[in-house]
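Down below is the structure, laid out as structure tokens.
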Amino acid sequence: MAPSKVLMVAEKPSIALSIATVLSRGQMSTRRGSTDVHEFDGQFCGFHAHFKVTSVIGHIFSVDFPSPYQDWMVTNPVDLFQAPIVKTESNPKAHIRRHLSQEARGCAHLVLWLDCDREGENICFEVIECTGFHVNEARRRVYRARFSSVTEKDILKAMDNLVDPNRDEASAVDARQEIDLKVGVAFTRFQTSYFQGKYGNLDSRVISYGPCQTPTLGFCVQRYLQITTFKPEKFWVVRPFIIQSGYELQLEWERNKLFDLDVAVMFQKLVMEDGIVEVIDISEKQECKSRPSGLNTVNFLKVASSALGFGPQMAMQLAERLYIQGFISYPRTESTAYPSSFDFKGTLGAQVKNPMWGNYVQQLLDNGYLKPRSGTDAGDHPPITPMRLATEDMLGNDAWRMYQYVCQHFIGTVSPDCKYVRTKVEFSIGGELFHCTGQHVTVKGFTSIMPWLSVNEKNLPQFTKGEKIEVLKVELHEGNTSPPDYLSESELISLMEKNGIGTDASISAHINNICERNYVQVQAGRKLVPTALGISLIRGYQCIDPDLCLPDIRSFIEQQITLVAKGQADCLRVVQHVLQQFKQKFIYFVRKIENMDTLFEAQFSPLAESGRVLSKCGKCLRYMKYISTQPSRLYCSTCEEVYDLPQKGTIKLYKELTCPLDNFELLIFSMAGPEGKSFPFCPYCYNSPPFEGIDTLFSAVKTGSSGKAGKGAGMPCFLCPHPTCRHSLIAQGVCACPECNGTLVLDPVSAPKWRLYCNMCNCLVFLPQGAHRISTTRERCPECDSTIIEVDFNKKSTPLKDGATLHTGCILCDELLHSLVEVKHGKSFFKRMGARGRGRGSGRGYKGRGRGSGRSDDPKMSFRDF
DNA sequence: GCAAGGTC
């Protein structure tokens, strides 16, 4: 009998790999696909079976409105509360649905290895849908593996204890998705349309609302209001001084401070008149400062912001990179407790060669390290720990500092606690009580690896009980109470965690959101200062319906969907009930919007005076206004600059890309009429052509005689040269200039015509036209060492089909100009043709050169002859 | 153009 086939699906490729490695004891074969598939034979429920382990990449689907509801103009936001919703593939290009459906064919069993939280349970059902399995089918069964860590022990235990997936928990997530979508989009569309239609200088394209982002902003504004409404009060402190063993010592008052001057003066007089200090008690206490527990995401983000100066977004990006490169463990975790099976010895052992803390680690290994303090085990991933040794050279400064902290924190968790003795000496002067304290560290413990947490040594001179000392002087210190500082990012993260706003994976996104929308600005010390827009919004909610910006709004939704998760309420009814409440709030909000508008009126100027905000200025990074009255222009009110625009057409923002030369946001111009041509351009370059030869293009565009849109010619990624960047189809279209080693970037103003220019020496390079895709290869030209690019003329097939042709060559020197790649069996190989050397430096003539220098071998393949 | 949640 043929072995039955078992399909196993994990939440991400790395977990699929771990599961397959454990279950096959490393004896599996791997097939590349949308996500890799690991195959092996083994036993399943007592039978011989063939296993396939693959994964999704997070959620397969996300919810949205069907297309008729996508149009802001035709849909009334209030109707969104009853609108249908559709699930679409989150990342259609990854083809996860197709992948799962194909892999499930012929499988008799499906085992779900998604993360064991609500989101994971929800993804289980997304997987079930894609595979065509059914939960209660007897013939093809669905199993759920429950595991709290991806360790051999847990994986094997989960395999022996397979359960059913939990529909209720999954439904709770469906409920949350629908509520978040409808509430967020309805409020956002209404606010945006209302205020953008009224004011011209709102510094954000979208005036968004969301049950996480709005309370997050609320925290920042609340602190701002505390500061602005703060009334300082004067206070007074009696400060006696004595000299003991040659040291001058200031004594602390038991009453701390008084707010009444007369009373304070009375005490000062009393103390001065007595003039003798009596030591009434000396006590010593052993104090212990505990070593940290394991590092979870929230604490990691707090340290990154407060100690390393990295914002949450940046910190997560760095952590993500360290994780992918294998330097640290998975950075998104709630847990501060380690699994019992955690390999502390191995993890420490990996650090003994580190020049900074290697010796310390060796001592820990020799003398015995401690088990970390018990933290909380959220059952997701272990705390963030170093996985392998790194040096600064391997990582670069920023990532290195991050890595360094992760290492020091981990070593700290297995180090002894810090112990110190606290001495308190109490004094009496004329019956008034004072004291002073000293600290002496006996065991440094973990503070020697985390020196910033050290206990300050404070020595006290010797005193004996009953001793009498003369008072040197008595000061009356006058102080003012001071307002709190603006909310720091780190404090905000704590508040969000405490109030259940966002998750370890999404907290950074929410903070980033309110910064990007210009509701707050990050200032020195990573303090969050709300802008006029942010303040007006929150104050507006506060006077119309404070619930809208309180953190309870999130906990209310959470509490409602928890009823669904526990099976105590019907999903549909909960969603209806919650949406009904929000709809009432929405209707009331719309009716009372004038209350919020009063605040906007005081801050912003009417549309008529100022035009409409369109795109960001590259100089001041504030929004510029589009003046639609003829001739239409862009105006930056901060820089007081006007930029001309192409006329007689529509101008829109182009994919929120910025020009690499000057940081101005790119725009797209479309000529009037249904067949109107369009082209993207940079408003700054359009007014100040950055290089020779570009005028011709502009004059053609300006007179309307050209301006062809290159269909399929996507714009390059101007944001980064990273090969996996998905900002556009030809994200890789960046190579090095051999003249000056600068970066060659696809010319933003010539998207229809493929050209590269160097933003350092301004040289211009022409590319073959009619290409479907242009990308860089890893090959370097042996002549001039510039990057070899690859030009794909095959419009239809990605990946390339057999027989399709690619053209590769160095665009800068003639050496490999006519290299050819043929695609066979999905793999490409190079076939060099006609390599005739001209030597390095011979490529210098390309600047501004266009036609005429092509080769005769194959005109289509010449990069210059077009 | 919009939310929040996974993950890359």
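A, B, ... follow the sequence lines: proteins, then strands. Residue 1 opens every chain.
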Starting at atom CD1 of I60(A), determine the distance to atom C1' of dT7(B), rounded to an integer number of angstrom.
12 Å

Holding to salt bridge (charged side-chain N to carboxylate O under 4.0 Å, His left out), I want the full list of residues that pass it with E334(A), two or more places apart in sequence or in another chain.
none

How would you list, by chain and number, every residue that makes a side chain to side chain donor-acceptor pair (under 3.5 Å) with T151(A), sequence neighbours excluded?
S149(A)

Describe the nucleic acid contact of F65(A) in one word from base, sugar-phosphate, nothing, applying a heavy-atom distance below 4.0 Å.
nothing

When you get a sec, tell me which of dA3(B), dG6(B), dC8(B) is the closest nucleotide to the side chain of L181(A)?
dA3(B)

Describe the nucleic acid contact of G120(A) in one word from base, sugar-phosphate, nothing, applying a heavy-atom distance below 4.0 Å.
nothing

Using a heavy-atom cut-off of 4.0 Å across all strands, would you classify E11(A) as base, sugar-phosphate, or nothing?
sugar-phosphate

Let me have the donor-acceptor pairs involving side chains of residues 59-67 of chain A, under 3.5 Å, with sequence neighbours excluded, atom names and distances please.
| residue | atom | partner | partner atom | Å |
| --- | --- | --- | --- | --- |
| H59(A) | ND1 | E126(A) | OE2 | 3.2 |
| H59(A) | NE2 | E119(A) | OE1 | 2.6 |

Select one nucleotide: of dA4(B), dC2(B), dC8(B), the one nearest the side-chain heavy atoms of S208(A).
dC2(B)

Just call it for R517(A): base, sugar-phosphate, or nothing, with non-hydrogen atoms closer than 4.0 Å on any strand.
sugar-phosphate

Just distance, no hydrogens or angles: give the donor-acceptor pairs under 3.5 Å from side chains in residues 508-515 of chain A, sequence neighbours left out.
| residue | atom | partner | partner atom | Å |
| --- | --- | --- | --- | --- |
| H510(A) | NE2 | S506(A) | OG | 3.4 |
| N513(A) | OD1 | R517(A) | NH1 | 3.2 |
| N513(A) | OD1 | R517(A) | NH2 | 3.4 |

Among dA3(B), dG5(B), dC2(B), the one nearest any side-chain atom of W72(A) is dC2(B)

Looking only at side-chain atoms of I57(A), point me to the closest of dA3(B), dC8(B), dA4(B).
dC8(B)

Residues 181-190 of chain A vs side chain to side chain donor-acceptor pair (under 3.5 Å), sequence neighbours excluded, gives E178(A)-K182(A)

Closest to the side chain of T503(A), out of dT7(B), dG1(B), dG6(B), is dG6(B)

Using a 4.0 Å heavy-atom cut-off across all strands, classify P77(A) as base, sugar-phosphate, or nothing.
nothing

Under 4.0 Å, heavy atoms only, any strand: does T192(A) hit a base, just the sugar-phosphate, or nothing?
base

Mind running a 4.0 Å heavy-atom check of residues 169-177 of chain A against DNA chain B and sending the residues that fall below it, in number order?
R176(A), Q177(A)

